[in-house]
Amino acid sequence: MRIEEKTHFIGGVGYWVKNIQVGRSSNRPTLIYLHDALGCAATWKDFPEQLCQKMQLDGIVYDRQGHGRSDAFDKTRPLDYLEREAWDTLPKLLKYFRINKKILIGHSDGASISLLYESRFCDAEAVVSMAGHVKVEPITSVGIKAAVHEFEQAFIFEKLKRYHGEKTRKLVDDWVNTWLSKEFRPWNIIKHLPNIKCPTLAIQGAVDEYATESHLWEISTQIGPNAKPVLLENCGHFPHKEKPGEVIEIITEFLKPII
């Protein structure tokens, strides 16, 4: 396995990208990892490498603008930021790396981006959604407010700052101000899900702090027979961190017939 990490300039923006190469044939799918709202390539830890090695597939892990070591995002975050990432930024990145065959693996915000992307372009071999959200719920606000209370503790904020540097304050404020705003409450992507025809694995923890199980069942029901829902007991919002071995096995078994 060979790993290359560096900044790539795409559409005038510098994106920090980790390129995982296992040396397999180029006609096999590439795993594209999309991180959560306060995450980046580094917060995945070694999960991408483990899954790439297990699947014997190359992978791309990148920091979205405003996250990690990618360029800062200085503008006010738009309410359709997830749609913009899915329908504008991600296609540019895939084109830049000349990736045709891909499997999208998203967590939280990244899962929503993956679902939105596939609902429009319909060209992925498969989608893996972990803790994907498709609407705003009261529990979301409760979870975010609890997280904000934690961030008020200096050592928690400093931990985030190790990943995002001087971008941390804005990143947290954007997340909180967007998801707690009354303007964002109507956000809902359920209407887009029936457009997804590829095999889709939806994983959610039974005790997710930010969402009820309804997200999992909406994804499964709206996509139909090509979707497989998996509810993990005793698991919260981060299945790939809380149950990494189990999640890797679930993903591997699901994708094995596809690749």
Side-chain angles (χ1 to χ4, degrees), residues 1-6 8 10 15-36 39 41 44-64 85-132 192-193 195-203 219-220 223-230 239-240 244-259:
M1 178 184 292
R2 188 169 74 88
I3 297 175
E4 177 190 79
E5 295 181 277
K6 69 176 186 178
H8 296 260
I10 306 170
Y15 292 95
W16 181 261
V17 179
K18 176 190 286 186
N19 196 325
I20 304 168
Q21 299 176 1
V22 297
R24 299 291 291 182
S25 172
S26 60
N27 65 356
R28 303 190 71 192
T30 299
L31 303 180
I32 310 296
Y33 296 87
L34 297 108
H35 61 72
D36 61 290
W44 281 102
K45 304 297 186 181
D46 65 347
F47 181 85
E49 288 92 333
Q50 287 189 45
L51 185 57
C52 284
Q53 186 69 50
K54 179 80 172 181
M55 300 292 304
Q56 283 296 287
L57 295 174
D58 293 345
I60 293 286
V61 196
Y62 73 101
D63 297 343
R64 295 197 295 275
E85 287 288 342
W87 296 338
D88 183 31
T89 305
L90 182 54
K92 288 178 181 175
L93 183 140
L94 294 171
K95 183 178 179 180
Y96 175 88
F97 284 104
R98 299 178 180 178
I99 295 172
N100 294 316
K101 298 182 71 174
K102 63 267 186 184
I103 294 170
L104 305 179
I105 299 180
H107 170 244
S108 193
D109 268 21
S112 302
I113 292 167
S114 299
L115 294 167
L116 281 164
Y117 172 92
E118 184 60 15
S119 75
R120 172 163 292 191
F121 298 104
C122 301
D123 63 358
E125 304 298 310
V127 171
V128 176
S129 165
M130 292 188 286
H192 298 295
L193 299 178
N195 296 333
I196 299 175
K197 307 302 180 186
C198 73
T200 302
L201 174 63
I203 301 172
I219 293 170
S220 175
I223 294 176
N226 285 331
K228 178 181 179 179
V230 176
H240 60 295
E246 184 175 348
V247 169
I248 285 175
E249 287 301 322
I250 291 170
I251 294 174
T252 301
E253 287 304 309
F254 180 77
L255 294 180
K256 193 181 296 181
I258 300 167
I259 61 169

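For Arg64 (side chain) and His35 (main-chain N/O), a donor-acceptor pair under 3.5 Å exists by modelled atom type. Within the 3.5 Å criterion, the main-chain N or O of Gln53 finds a donor-acceptor partner in the side chain of Gln56. The main-chain N or O of Ala124 is found under 3.5 Å from a side-chain atom of Glu118 such that the two form a donor-acceptor pair. Although no hydrogens or angles enter the test, the distance criterion places no donor-acceptor pair under 3.5 Å between the side chain of Lys18 and the main chain of Ile3.
Across all their heavy atoms, Leu115 and Thr200 have their closest contact at CD2-CG2, 4.3 Å. Closest approach of Leu90 and Tyr62 over heavy atoms only: CD1-OH, 3.8 Å. For the pair Asp63 and Ala41, the tightest heavy-atom approach, listed with the atom from each and the gap, is OD1-N, 2.5 Å. For the residue pair Val17 and Phe97, the shortest heavy atom distance occurs at CG1-CZ, 3.8 Å. Closest approach of Pro91 and Ala86 over heavy atoms only: CD-O, 3.3 Å. Here the closest heavy-atom approach between residue Asn226 and residue Phe254 is recorded as O-CZ, 4.5 Å.
Annotation: the span from Ser129 atom OG to Leu193 atom CG amounts to 9.0 Å, rounded to 0.5 Å. Atom-to-atom distance recorded for Leu201:CG and Glu253:CD is 11.5 Å, nearest 0.5 angstrom. Note that NE2 of His192 and CG of Leu116 are 6.0 Å apart. Values are rounded to the nearest 0.5 Å. Taking CD1 from Ile196 and SG from Cys122, the interatomic distance works out to 8.0 Å, rounded to the nearest 0.5 Å. The OG1 atom of Thr89 sits 11.0 Å away from atom CG of Leu94, with the distance rounded to the nearest 0.5 Å. Atom SG in Cys198 sits 10.0 Å away from atom NZ in Lys102 (nearest 0.5 Å).
In this structure, the side chains of His240 and Leu51 stay at 4.5 Å or more apart for every pair of heavy atoms. Side-chain contact check for Arg120 versus Asn195: every heavy-atom pair is 4.5 Å or farther apart. Here the side chains of Leu57 and Pro29 are in contact, with some heavy-atom distance below 4.5 Å. Put simply, the side chain of Val247 reaches to within 4.5 Å of the side chain of Phe47, judged on heavy atoms. Between Leu31 and Val128 there is no side-chain heavy-atom pair separated by less than 4.5 Å.
Considering Ile20, Asn19, Ile99 as possible partners of Thr30, the one that fulfils the side chain to side chain contact (heavy atoms under 4.5 Å, CB included) test is Ile99.
For the side chain to side chain contact (heavy atoms under 4.5 Å, CB included) test, residues two or more places apart in sequence or in another chain that qualify with Lys54 are Ile248, Glu249, Thr252.
Ion pairing between a basic and an acidic side chain is recognised when a charged N comes within 4.0 Å of a carboxylate O; Arg28 and Asp58 show no such pairing.
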Which donor-acceptor pairs under 3.5 Å do the side chains of residues 103-110 make with protein atoms, sequence neighbours left out?
{"unit_1": "His107", "atom_1": "NE2", "unit_2": "His237", "atom_2": "O", "d": "2.7"}
{"unit_1": "Ser108", "atom_1": "OG", "unit_2": "His237", "atom_2": "NE2", "d": "2.9"}
{"unit_1": "Asp109", "atom_1": "OD1", "unit_2": "His133", "atom_2": "NE2", "d": "2.8"}
{"unit_1": "Asp109", "atom_1": "OD2", "unit_2": "Tyr81", "atom_2": "OH", "d": "2.7"}

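Note on ring orientation: taking the six-membered ring where Trp is involved, the planes of Tyr33 and Trp44 are perpendicular (angle over 60°, cut-offs 30° and 60°).
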Decide side-chain contact (heavy atoms from CB on, under 4.5 Å) for Val22 and Arg2; before the verdict, give the C-alpha distance in whole Å, the side-chain angles of both, and the deciding distance to 0.1 Å.
-> CA-CA 6 Å; Val22 297; Arg2 188 169 74 88; over 6 Å; no
